[in-house]
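Note on naming: letters A, B, ... go to the chains in the order of the sequence lines (proteins, then strands), and numbering restarts at 1 for each one. Being a predicted model, the structure only gives us computed values, none of them experimental. Side chains are part of it too, since the values below use all heavy atoms of this structure and drop only hydrogens, waters and symmetry mates.
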Amino acid sequence: MTDAPRPEARAPRGFVDRRARDVAAERRILADVCAVYERYGFEALDTGALEYADALGKFLPDADRPNEGVFALQDDDEQWMALRYDLTAPLARFVAQHWESLPKPFRRYATGTVWRNEKPGPGRFREFTQCDADTVGSARPEADAEIIAMAAEGFAAAGLPAGAYSLKINSRKLLNGLMTRAGVTVEGQKLAVLRAVDKLDRLGPDGVRLLLGEGRLDESGAFTKGAGLAAAAAEAVLSFTAAGGGSRAEVLSRLADVVGGSAEGDEGLADLAAIDMALTRMGVGEDLAMIEPSVVRGLEYYTGAVYEAELNLSMTDDAGQPVRFGSVGGGGRYDDLVARFTGQPVPATGFSFGVSRLAAALRAAGRETAARARGPVVVIAFDQAHMGEYFAAAAELRAAGIAAEVYLGSSGMRPQMKYADRRLSPAAVILGGDEIAAGLVTIKDLDLGRQLSSGVTDNAAWRAERPGQVQAPRAQLVAAVRAIVEAGA
RNA sequence: GCCGCCUUAGCUCAGUUGGUUAGAGCGCUAGAUUGUGGAUCUAGAGGUCCUCGGUUCGAGCCCGAGAGGUGGUACCA
């Protein structure tokens with residue numbers, strides 16, 4: 001060894017390691033959600049993890065700093081590339097690139113890892129998995145309704161019980177109509193109003209009122225500058241956000257009183273009415289998908305309907321503190337994204353599942369189906385001279401569809417049993433010299449032993465008893481192991 | 001980005017007014033038990049006391065700066 005400083009064994013912040021149990025849970029969610037997407041007639045599309053930065057560029061938070069928000073690197077030819085931060089921007093690029101040859105409307109789904117170079121927080125990572133479905137090339141509100149219905153079905157397929165989640169729908173056009181109504185014309189002020197409206201569920205009407213006016217001082221001591229609206233304008237905004245609750249038709253009727261009459265407001269109302277009709281005919285209930293005027297979503301590219309999925313589960317963390325899960329999915333209509341490449345306006349709408357967050361939510365809610373990852377049957381490496389016997393036994397088990405492995409360490413029998421225990425193995429196969437000479441095999445049922453061990457206090461007795469241990473003719477290895485594995489499954 | 005708190009073994013943490021070789025519990029590796037998981041006992045491995053600078057005869061401890069972590073907040077395509 002040299003004197004070079006040893007590296008610290010740690011994952012970069014915001015990146016998590018997942019073990020078998022979590023991997024299995026996420027895979028299952030992905031498979032179930034993708035099956036729903038395919039049933040709705042969406043085709044799979046996979047694109048690379050890197051895109052040229054200019055293909056992502058316009059909607060970065062700050063176009064002057066290409067490394068902010070995304071992980072970027074420079075290629076040999078000095079072009080900037082960046083890891084994708086979502087699956088929508090790559091879709092827009094793909095559609096623009098292959099527009100001539102695609103069936104239109106183009107319906108595609110995609111799953112994959114995305115990366116965001118920002119400060120991680122509770123339930124917020126710099127690398128996570130998304131699962132998207134989008135329809136490109138249809139301006140019909142029914143395209144939005146279909147996406148919403150499919151999202152609702154996707155959550156059910158992932159294992160969320162009815163009532164545990166809801167989809168909240170709004171329209172950017174309504175929000176724009178609201179701006180007209182409240183007399184907000186300056187662009188910066190519009191953004192401030194939208195951000196304030198978006199916080200209704202967390203801060204309540206009073207907190208939003210402060211943000212619409214001068215600003216708000218939060219409990220950490222940080223001050224958020226407000227939108228600077230006059231009192232009357234602020235109340236108009238608040239009456240808009242208060243219009244939620246009840247059936248979709250009821251909310252629409254209330255909203256018509258606030259934003260009806262402005263061109264954009266009327267357009268938004270018509271869109272949402274069409275979505276409501278389609279949802280109703282597809283059997284999506286009022287308690288599952290509702291119109292919620294305070295939903296805003298991101299500020300950059302949405303142009304029409306927006307949707308957000310929220311969890312209604314209440315849960316606590318290890319310390320007993322209530323856990324707040326952010327949205328577990330969302331989407332909306334983005335009619336200008338493809339036009340960046342082609343100059344031609346192409347309407348599009350889509351939804352994205354936050355798979356990692358959904359898996360965490362299911363785990364916290366105790367609804368995880370892949371409760372634990374069982375280990376393989378362990379063939380004990382008893383004697384160097386008989387290694388061939390062990391590999392032959394493992395091969396027989398594998399051929400019969402039973403996960404099996406030969407212990408590959410050099411420890412004695414006791415550590416090997418500990419190893420099998422820790423792997424949650426269903427059984428250990430013991431082929432010592434005695435067994436081989438007698439044409440037998442000893443099989444230890446580890447699940448049964450785990451149960452019996454709780455009643456034993458004396459180690460000598462525990463060892464003498466050899467709980468859960470059976471002998472069988474060597475020729476019946478597979479049948480005997482199968483009986484034990486299936487009993488424990 | 002802004003505000004607060006924190007940083008000593010793999011984990012959770014002690015560490016006296018600044019004093020010699022920095023500790024505990026858990027975990028890990030093994031032995032007791034020559035072929036058996038739990039419990040018990042025993043032994044062992046494991047440390048740039050976050051980093052740099054300063055004060056001091058002497059710093060894990062005091063001072064300054066920085067880094068990292070964490071919790072809010074901002075932002076969240």
Original post:
Would the number of heavy atoms belonging to other residues, nucleotides or ligands and lying under 6.0 Å from CG of A:D46 be above 12?
Top reply: no
Original post:
With a non-hydrogen cut-off below 4.0 angstrom, is A:D383 in contact with a base, only sugar-phosphate, or nothing?
Top reply: nothing
Subject >> Partner nucleotide, any strand, of B:A39 [Watson-Crick/G-U, under 3.5 Å] >> reply: none
Original post:
Do A:R116 side-chain atoms and A:Y85 backbone N/O form a donor-acceptor pair below 3.5 Å?
Top reply: yes
**OP:** Just call it for A:R422: base, sugar-phosphate, or nothing, with non-hydrogen atoms closer than 4.0 Å on any strand.
**Re:** sugar-phosphate
Subject >> Matching residue for A:M179 among A:L174, A:L194, A:V186 - test: side-chain contact (heavy atoms from CB on, under 4.5 Å) >> reply: A:L194
**OP:** For B:U34, give its Watson-Crick or G-U wobble partner with both distances under 3.5 Å, or none.
**Re:** none
Original post:
Touch check for A:I380, heavy atoms < 4.0 angstrom, all strands: base, sugar-phosphate only, or nothing?
Top reply: nothing
**OP:** Select base, sugar-phosphate, or nothing to describe what A:Y419 touches, counting heavy atoms under 4.0 Å on all strands.
**Re:** nothing
Original post:
Within the structure, does a side-chain N or O atom of A:R414 lie under 4.0 Å from either OP1 or OP2 of B:A30?
Top reply: no
Subject >> Nearest-angstrom distance from the residue atom CG of A:L210 to P of B:A74 >> reply: 13 Å
Original post:
Under a 3.5 Å cut-off for both distances, is B:U17 Watson-Crick or wobble paired, and to whom?
Top reply: none
Subject >> Base-pairing mate for B:G64 - Watson-Crick or G-U, with both contacts under 3.5 Å >> reply: B:C52
**OP:** Describe the nucleic acid contact of A:K199 in one word from base, sugar-phosphate, nothing, applying a heavy-atom distance below 4.0 Å.
**Re:** sugar-phosphate
Subject >> Touch class at under 4.0 angstrom, heavy-atom based, for A:E435 against every strand present >> reply: base
Original post:
Counting just side-chain N and O atoms, does A:S411 come under 4.0 Å of either OP1 or OP2 of B:U29?
Top reply: no
**OP:** Indicate, with a heavy-atom threshold strictly under 4.0 Å, whether A:Q469 touches base, sugar-phosphate, or nothing.
**Re:** base
Subject >> Identity of whatever pairs with B:A9 - Watson-Crick or G-U, under 3.5 angstrom >> reply: none
Original post:
What distance, rounded to whole Å, do you find between the two C1' atoms, one in B:G58 and one in B:G19?
Top reply: 7 Å
Subject >> P atoms of B:C50 and B:G44, separation to the nearest Å >> reply: 27 Å
**OP:** Check whether any side-chain nitrogen or oxygen of A:R297 sits under 4.0 Å from OP1 or OP2 of B:C75, and answer yes or no.
**Re:** no
Subject >> Span that lies between the C1' atom of B:C49 and that of B:A24, in whole angstrom >> reply: 16 Å
Subject >> Whole-Å C1' distance, B:C28 and B:G47 >> reply: 16 Å
**OP:** Answer yes or no for this row: A:Y301 ring on B:A77 base, centroids under 5.5 Å, planes under 30°.
**Re:** no
**OP:** Determine the Euclidean distance between corresponding C1' atoms of B:G60 and B:U16; express it in Å to zero decimal places.
**Re:** 13 Å
Subject >> Nucleotide opposite B:G71 in a Watson-Crick or G-U pair, distances under 3.5 Å >> reply: B:C3
**OP:** Using the C1' atoms only, state how far B:G15 lies from B:G23, rounded to an integer number of Å.
**Re:** 7 Å
Original post:
Considering Watson-Crick and G-U wobble pairs with both distances under 3.5 Å, what does B:G58 pair with?
Top reply: none
